[in-house]
Protein chains: 2
Amino acid sequence: MPAKRSYHHGELRAALIQASFDLLAESGLQRFSVAAVARRLAVSTAAPYRHFPDRAHLLGAVSTTAAHDLRAAIAEAAGAAGENPAERLAAVAGAYVRYVTRTGAGFHVIFAAELYQLHDEARREQTSALMTTLIDLATAAGRAYREAVPLVEATIAIGHGYASLYADGFFARKDATVDEIANRAVDAARTLISDWPRPGAPAGRRPA
Amino acid sequence: MPAKRSYHHGELRAALIQASFDLLAESGLQRFSVAAVARRLAVSTAAPYRHFPDRAHLLGAVSTTAAHDLRAAIAEAAGAAGENPAERLAAVAGAYVRYVTRTGAGFHVIFAAELYQLHDEARREQTSALMTTLIDLATAAGRAYREAVPLVEATIAIGHGYASLYADGFFARKDATVDEIANRAVDAARTLISDWPRPGAPAGRRPA
DNA sequence: GTCTATATCGAGATAGAC
DNA sequence: GTCTATCTCGATATAGAC
C-alpha cells in the first residue's frame with residue numbers, strides 16, 4: 001500500500017460525490033459548484049475534471065447515489081411502519097423529509113432539469129427503481145391502480161413541501177427539529193391517504 | 001408629458017419589478033440576475049442600479065409586491081370558497097399553487113434567506129399582513145388557537161410542494177394543467193384540515 | 001436617468017508540467 | 001492523477017460621459 005503522496009489519489013471520485021452531498025446539505029443546489037466541492041477537499045479546481053467530464057456528470061453521479069439511498073431510506077421506513085399499507089406509504093413522506101434535510105438531495109436534485117439530457121444508465125436504473133418502489137407502495141395502499149401515480153405525487157409533494165420550507169428557514173421557530181417536521185409530514189400524508197381519492201367533503205361527511 | 005427619449009425614463013423602477021417577476025416565472029430564482037432583468041428590458045446592466053442599490057433591494061421589492069399580491073389572491077380564493085372555515089383555508093393551497101406557478105415568487109422568494117438582513121419597512125408590513133391573513137384563516141378553521149401556526153405551515157407546505165415539483169417538471173405527464181395541480185393541492189389540504197390536529201389513526205378510526 | 005466602459009469576482013473548463 | 005496557469009463567460013457593482 002503506497003503512501004499517499006498528495007491527498008486523494010485513487011479515491012477522489014468517491015470523495016467528490018461525498019463532498020457534493022455535504023455541500024448540498026449545507027448550502028443547497030443554488031450554491032453548488034464544482035469549484036466549491038474541490039475547495040472542500042483541498043484539491044485544485046481542475047482535479048474534479050479528471051473524474052467527471054463536466055458539472056452535469058458530477059451532479060448525475062450524485063443523483064444516482066441519492067436515488068439509491070433515498071429508495072433504501074424509504075424501504076426501511078416502510079418496513080418500520082408495519083403491515084398497514086396506508087401507514088407504510090405515509091412513512092415515505094417522513095423518510096423523504098429526513099433524507100432531504102440530511103443530504104440536500106431531494107427530487108429537485110435527483111430529477112434536476114439540468115440532468116435531463118444526461119445519458120447515464122446507472123442513474124436511469126436507480127431513478128427507475130426508486131419510482132417503482134414508490135408506485136408499489138402506493139398501489140398497495142391505493143383504492144385503484146390508476147390512482148397510484150397521483151397518490152405518489154401527493155405523498156412526495158407533502159414531504160417536499162415540508163423539507164423545502166424547512167431548508168429555507170421557514171420553521172426557524174426554535175422548537176422545530178427535523179423529526180418533528182418529518183412527523184408532521186407523516187401525519188399529513190396519513191390523513192390524505194386515508195381519504196384518497198375522495199377527500200372529505202366541505203361539510204357533513206365526517207363528525208365534527 | 002415629455003416624449004420618451006430613450007426607453008423607460010421614469011418608469012424603469014416599476015418595469016424592473018415586473019420584469020423580475022417575468023424572469024422568475026420563466027427561469028426561477030436559481031437563474032435570477034439583475035443583468036438578465038436589465039437585458040429583458042433592453043436597458044444597460046447599469047441602469048437598474050439607479051433605482052436599486054443592489055440585487056437584494058430589487059429582490060426585496062419583488063418580495064414586497066409578491067407578499068401583497070399573494071395575500072390578495074389568497075383572500076380572493078377564500079372568499080370564493082364560501083363560508084365553511086375549513087374550505088376557506090383549504091383554498092389557500094390552491095391559490096398558492098396558482099400564484100407561484102404564474103409568478104415564480106413563492107415563500108422561497110418572499111422569505112428568501114438572502115433578504116434576511118434587508119431592512120425594508122414596506123416589505124415587513126406586507127409579509128406581516130400576509131401571515132396575519134393566513135393565521136386568521138387557520139384560527140377560524142382550527143380546533144385550537146395554538147394549532148393555527150402549524151396548520152398554516154401544513155397548508156403552505158402542501159401548496160409549496162405541489163408548486164415546486166410542478167416547476168421542476170415532475171408532473172410533466174402531458175395531462176397536468178396548473179388548475180389540476182392546484183385542485184389536488186386543495187383536496188390534500190382539505191383532507192388534512194378536516195382531521196386536524198389528530199390525523200386518522202393507522203386503523204379503526206374511520207370507516208373503510 | 002440612462003449610457004458606455006471597466007474593475008472585480010466566481011465558476012466552468014482546458015493545456016501542459018510534474 | 002493532481003498541480004499551476006490560463007481562458008472564457010456571466011454577474012455584481014462603480015465611474016464618468018451625455
Fill in the blank from the handout: Applying side chain to side chain contact (heavy atoms under 4.5 Å, CB included) to B/D179 and not counting sequence neighbours gives B/R98, B/T177
Fill in the blank from the handout: Between CG of A/L12 and P of D/dG1 the distance, given in whole Å, is 10 Å
Completion exercise
Residue pairs meeting salt bridge (Lys or Arg N to Asp or Glu O under 4.0 Å), one or both in residues 102-111 of chain B, sequence neighbours left out, come to none
Handout entry: Check ion pair B/D187-B/R190 (N to O, under 4.0 angstrom)
Key = yes
Exercise for the section: Please name all residues satisfying salt bridge (charged side-chain N to carboxylate O under 4.0 Å, His left out) with B/E125, sequence neighbours left out, ordered by chain then number. Expected result: none
Problem - Between D/dT12 (P) and B/L16 (CG): distance, integer Å - result: 13 Å
Exercise for the section: Give me the residues of residues 27-38 of chain A where at least one heavy atom lies under 4.0 Å from an atom of DNA chain C, by number, or none. Expected result: A/S33, A/V34, A/A35
Exercise for the section: Hey, could you give me each pair passing ring-ring contact (aromatic ring centres under 6.0 Å, His included) that has a residue in residues 86-105 of chain B? Not counting sequence neighbours. Expected result: B/Y96-B/F107, B/Y96-B/H160
Completion exercise
Secondary structure of DNA chain C per the Watson-Crick/G-U criterion (both distances under 3.5 Å; [ ] crossing, | other strand, . unpaired) is ||||||||||||||||||
Completion exercise
The correct set of residues in residues 44-54 of chain A placing a heavy atom under 4.0 Å from DNA chain D is A/S44, A/A46, A/A47, A/R50, A/H51
Handout entry: Inter- and intrachain pairs under salt bridge (Lys or Arg N to Asp or Glu O under 4.0 Å), touching residues 32-42 of chain B, at least two apart
Key = B/E26-B/R40
Practice task
Calculate the interatomic distance between A/R55 atom CZ and C/dT14 atom P; express it in whole Å.
Solution key: 15 Å
Problem - Sequence neighbours excluded, every pair satisfying side chain to side chain donor-acceptor pair (under 3.5 Å) that has a member inside residues 106-117 of chain B - result: B/R55-B/E114
Completion exercise
A/A122 meets the side chain to side chain contact (heavy atoms under 4.5 Å, CB included) criterion, sequence neighbours left out, with A/T64, A/D120
Exercise for the section: Could you list all the salt bridge (Lys or Arg N to Asp or Glu O under 4.0 Å) pairs where at least one residue sits in residues 66-79 of chain A, not counting sequence neighbours? Expected result: none
Practice task
Name the nucleic acid region contacted by B/R39, choosing base, sugar-phosphate or nothing; use a 4.0 angstrom heavy-atom cut-off, strictly under.
Solution key: sugar-phosphate
Exercise for the section: Using salt bridge (charged side-chain N to carboxylate O under 4.0 Å, His left out) as the criterion, list what pairs up with A/R13, not counting sequence neighbours. Expected result: none
